[in-house]
Amino acid sequence: MLHCGIVGLPLSGKSTVYNVITRAGAEVKPYAGGKTDPNRAVVSVPDKRFDELVRIHKPRKETPAQVEFVDLAGLSRGAGRGEGLGNAFLSFVADADALIQVIRCFANPSVEHPEGSIDPLRDWDIVDDELIFRDLAVIENRLSKLRAKKKLTSDEDKEKNLLEKCYDCLMEEKPLSAIELKPEERRQLRGFAFVTSKPQIVLLNLDESQNEEEKIPQWDGLKKRADERGVKLCKLYGSLEMDIMELDPEEAVEFTEGLNITEPGRERLIEEAYRLLGLVSFFTCGPDEVRAWTLHKGESAVDAAGTIHSDLARGFIRAQVVAFDDYMRNNCSLDECRKTGTLRLEGKEYVVEDGDMIEIRFNV
């Protein structure tokens, strides 16, 4: 299962954000706790299409798409050079498939900021710098071994040139995600688990008074940087949304009335994380189970078959495919879809689209 690591400075509200997303009830402390072991929880991905299929088919079992979220230890200055909890922290970050960087925008006299003031752009820089230092250390270690060799193989020479290109990028204080790489180059770098190459969401942790952009410190600078880097910028009223979780739906609506908070940040953030991981959902339906299956964007019908069961991929013949909207327009009936020409027979190379309804024909 793919997972998102939640990172940020100590006391940025990471554990609060984790609790809002996962409803796991992890301990939230008003001081830097010094923990190294991450909190982990699996959450269902909100999907109105899945909900509609469950409502119509009334299956005995319902299985939505899922993503794991991991609340990592607070990252402080020097972590990228192994100081404090650095090495333990960064080993967990390297394992993540994507990162959600939490930046504190709220002021709270009872929860002192570790840097002494609220400065979101500075905090963003601190985290980015530590991640860059980590990747630089990995590259320097590998390059020193390659340079110590008297003669390099052809593959080692290519690796050396590629790592030097990455090193130059990091020395310009740019993440490795800024480099355009060929598919074979990406494969060559995969084993290094570079943290600055991972897709990332920057999450602004707000309080309820910051319900307008002009009330968010350095908003224009944050937006400009996110746009320049192609990074998704999200907002979450962390403490408020954690309180709302304890209320029933009617009380929750009443509580947020007048705050200009129109939708729960939790669902929006989970959906963004799913997209960030490059995932799509396809569906299978029946009286026994309605299930949302997860694929990487761009994967094929035979990949979808293998996701369901290895035997389906091994004996794959054809996939019956209909788009979700067409399925709904035809009374959720494959026979009706066939009559209207919206049900298609696709081969192994068919690229699965988000929301496809799929039935695999196979013979083993």
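Not measured: the values here are computed from a predicted model.
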Beyond-backbone contact of Leu53 with Met357, side-chain heavy atoms, under 4.5 angstrom: yes
Contact check, side chains of Tyr327 and Cys285, non-hydrogen atoms, under 4.5 Å: yes
Shared hydrophobic cluster, Leu146 / Tyr167 (ILVMFWY, side-chain heavy atoms < 4.5 Å): yes
Contact check, side chains of Leu204 and Gln210, non-hydrogen atoms, under 4.5 Å: no
Asp207 side chain to Ser209 side chain, donor-acceptor N/O pair below 3.5 angstrom: yes
Under-4.0 Å salt bridge between Arg122 and Asp125: no
Lys58 side-chain N/O to Arg55 backbone N/O, donor-acceptor pair under 3.5 Å: yes
Pair Glu228 + Arg225, salt bridge at N-O below 4.0 Å: no
Heavy atoms from other residues, nucleotides or ligands near CZ of Arg318 exceed 12 (cutoff 6.0 Å): no
ILVMFWY network linking Met242 to Tyr18, side-chain heavy atoms under 4.5 angstrom: yes
Nearest heavy-atom neighbours spanning Ile21 and Ile6: CD1-CD1, 4.3 Å
Carboxylate-amine/guanidinium contact Glu213 Lys223, below 4.0 Å: no
Spacing of Lys151 atom NZ and Asp157 atom CG [to the nearest 0.5 Å]: 11.0 Å
Steps toward salt bridge (charged side-chain N to carboxylate O under 4.0 Å, His left out) verdict (Glu336, Lys339): CA-CA 5 Å; Glu336 289 297 319; Lys339 290 174 185 176; 3.6 Å; yes
Ion pair check, Lys149 and Glu156, cut-off under 4.0 Å: yes
Spatial distance of atom CD (Glu185) from atom CZ (Arg187) [nearest 0.5 Å]: 10.5 Å
Side-chain heavy-atom pair Asp354, Ser281 within 4.5 angstrom cut-off: yes
Which atom of Pro59 lies closest to which atom of Gly286, heavy atoms considered: CB-O, 3.6 Å
Cationic N near anionic O, under 4.0 Å, Asp128 to Arg229: yes
Nearest-0.5 Å distance that lies between atom CG in Leu170 and atom CG in Leu136: 4.5 Å
Any side-chain donor near an acceptor of the partner, Asp303 and Ser300, under 3.5 Å: yes
Short side-chain donor-acceptor distance under 3.5 Å, Arg329 and Thr340: no
Crowding at NZ, Lys145 (>12 non-hydrogen neighbours, <6.0 Å): no
Pairing of Lys160 and Glu164 as salt bridge, 4.0 angstrom limit: yes
Salt bridge (charged side-chain N to carboxylate O under 4.0 Å, His left out) between Asp311 and Arg314, worked out: CA-CA 5 Å; Asp311 284 349; Arg314 186 159 53 91; 2.8 Å; yes
Joint cluster assignment, Leu312 & Val322, ILVMFWY side-chain distance < 4.5 Å: no
Close side-chain approach of His309 and Phe362, heavy atoms under 4.5 Å: no
Whether Ser144 side chain and Asn141 backbone form a donor-acceptor pair below 3.5 Å: yes
CD (Glu349) with more than 12 external heavy atoms under 6.0 Å: no
Name of the residue among Ile308, Val280, Thr63 meeting side-chain contact (heavy atoms from CB on, under 4.5 Å) with Trp293: Ile308
Side chains of Leu233 and Trp219 in contact at under 4.5 Å (non-hydrogen atoms): yes
Glu52 with Arg49: basic N within carboxylate O range, under 4.0 Å: no
Steps toward side-chain contact (heavy atoms from CB on, under 4.5 Å) verdict (Phe192, Ile139): CA-CA 9 Å; Phe192 293 101; Ile139 291 175; over 6 Å; no
hydrophobic_cluster_shared for Phe282 and Leu279, side chain cutoff 4.5 Å: no
Gap separating the CG atom of Leu206 from the NZ atom of Lys235, nearest 0.5 angstrom: 7.5 Å
Side-chain (Asn205) to main-chain (Val17) donor-acceptor, under 3.5 angstrom: no
Minimum side-chain heavy-atom gap Glu271-Tyr274 below 4.5 Å: no
Gln320 and Arg338: side chain donor to acceptor below 3.5 Å: yes
Closest contact, heavy atoms only, Pro38 versus Val70: CB-CG1, 3.4 Å
Value rounded to 0.5 Å, distance of CG in Leu295 from CD in Glu353: 11.5 Å
Side-chain heavy-atom pair Asn330, Leu343 within 4.5 angstrom cut-off: no
same_hphob_cluster(Leu162, Met171) at 4.5 Å side-chain heavy-atom cutoff: yes
CD/Glu173: more than 12 non-hydrogen atoms of other groups inside 6.0 Å: no
